[in-house]
There are 2 protein chains.
Amino acid sequence: MIGRLNHVAIAVPDLAAARDRYARSLGAQVSAPQALPEHGVRVVFVELPNSKIELMEPLGEASPITGFLEKSPSGGMHHICYEVEDIHAARDRLVAEGARVLGDGNPKTGAHGKPVLFLHPKDFDGCLIEIEQV
Amino acid sequence: MIGRLNHVAIAVPDLAAARDRYARSLGAQVSAPQALPEHGVRVVFVELPNSKIELMEPLGEASPITGFLEKSPSGGMHHICYEVEDIHAARDRLVAEGARVLGDGNPKTGAHGKPVLFLHPKDFDGCLIEIEQV
């Protein structure tokens with residue numbers, strides 16, 4: 001069912017500093033910062049030949065990553081996103097196998113304009129998983 | 001400098017259960033368990049079209065992930081591995097930019113038989129980064 005590893009998201013306390021480290025120390029190609037106010041984050045993408053890393057800092061007062069950074073002030077790996085062809089079929093299979101979908105159980109429009117859902121980290125070894133229909 | 005995203009490693013408390021979840025709930029292709037006693041872990045690989053996920057549980061009494069699982073008993077994302085062409089050149093660049101290499105600063109032979117080094121998570125937003133020469 002799951003296809004490509006779409007991205008790994010890392011929550012960072014200072015996006016400009018993180019962007020600079022990935023570009024300078026790791027020699028990576030990094031996009032310009034992009035504000036996603038409806039998702040409460042500002043992001044840059046580290047472009048790799050086969051996937052990408054999303055570095056994100058909180059934007060606004062109700063950012064969904066504020067709590068994460070309160071617990072881990074220096075940042076950390078936040079979630080992994082896998083691609084699927086049919087998000088409703090994926091959701092139905094996951095629920096049938098006992099996995100919990102966050103929110104009301106229905107796909108939302110994700111940060112990249114595609115239908116996404118998030119799975120409860122307790123059902124996947126403490127790892128927050130995003131499923132994106134591409 | 002960094003090339004492909006080689007793998008994302010997830011520490012899990014119960015490898016058989018985790019393997020089953022990735023195969024059944026996520027419909028992923030998962031390898032047979034493999035003991036790596038010299039690295040203190042038992043692993044399976046979740047094979048994705050563009051990368052892979054390494055699920056690992058502690059093996060032996062001096063496993064390097066025992067401490068991680070004591071802090072996060074349900075598991076969690078442990079590290080991200082990027083490929084480089086020349087690990088000594090990569091190390092020299094990283095050190096020149098102020099990043100700290102774990103251990104004695106020299107590449108070791110990693111779990112896949114290739115030269116690897118690990119970077120201090122405090123220098124990369126709480127994310128443990130492995131660099132592997134391929």
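Labels below follow one simple rule: chain letters A, B, ... track the order of the sequence lines, proteins then strands, and each chain is numbered from 1.
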Notebook entry, point to check: Top residue by heavy-atom pair count (under 4.5 Å) with chain B, among A:L26, A:V12, A:I2?
Noted result: A:L26

Margin query: Heavy-atom pairs under 4.5 Å with chain A: which of B:S72, B:A17, B:G76, B:A90 has the most?
Written below: B:G76

Notebook entry, point to check: If you count the non-hydrogen atoms of other residues, nucleotides and ligands that lie under 6.0 Å from CZ in B:R24, is the total more than 12?
Noted result: no

Next item on the list: Heavy atoms only: give me the nearest A:M77-B:C127 pair and the separation to one decimal.
Entry: CG-SG, 3.8 Å

Check: Most heavy-atom pairs under 4.5 angstrom with chain A, which of B:I53, B:N50, B:V46, B:L94?
Finding: B:N50

Checklist line | Part of A:L55 within contact of chain B (heavy atom distance under 4.5 Å) | finding: neither

Note to self: Counting only heavy atoms from other residues, nucleotides and ligands, does the tally under 6.0 Å from CD of A:E61 exceed 12?
What the structure shows: no

Notebook entry, point to check: Between A:L5 and chain B, which part of the residue has a heavy atom less than 4.5 Å away: side chain, backbone, both or neither?
Noted result: both

Margin query: I'd like to know whether CD of B:Q29 has more than 12 heavy-atom contacts from other residues, nucleotides or ligands below 6.0 angstrom.
Written below: no

Item checked: Cluster link B:F124 to B:V95, ILVMFWY, side chain under 4.5 Å -> yes

Margin query: If we define contacts as heavy-atom pairs under 4.5 Å, which of B:A11, B:S51, B:S74 has the most with chain A?
Written below: B:S74

Notebook entry, point to check: For B:D123, does its backbone N or O pair with a side-chain atom of A:R21 as donor and acceptor, under 3.5 Å?
Noted result: yes

Next item on the list: Give a yes or no on this: more than 12 heavy atoms of other residues, nucleotides or ligands lie within 6.0 Å of atom CD of A:E85.
Entry: no

Notebook entry, point to check: With chain A, which of B:L119, B:I80, B:V8 has the greatest number of heavy-atom pairs at distances under 4.5 Å?
Noted result: B:I80

Notebook entry, point to check: When rounded to the nearest 0.5 angstrom, what is the spacing between CE in A:M56 and CG in B:D125?
Noted result: 11.5 Å

Next item on the list: Answer with yes or no whether the hydrophobic clustering places A:V41 together with A:L15; edges join I, L, V, M, F, W, Y residues whose side-chain heavy atoms lie under 4.5 Å apart.
Entry: no

Notebook entry, point to check: Which heavy atom of B:E97 sits nearest a heavy atom of A:S25, and at what distance?
Noted result: CB-OG, 3.3 Å

Check: What do you reckon, is NZ of B:K108 surrounded by more than 12 foreign heavy atoms closer than 6.0 Å?
Finding: yes

Margin query: Do A:F45 and A:V116 sit in one hydrophobic cluster, given that two such residues count as connected whenever their side-chain heavy atoms are within less than 4.5 Å of each other, even indirectly?
Written below: no

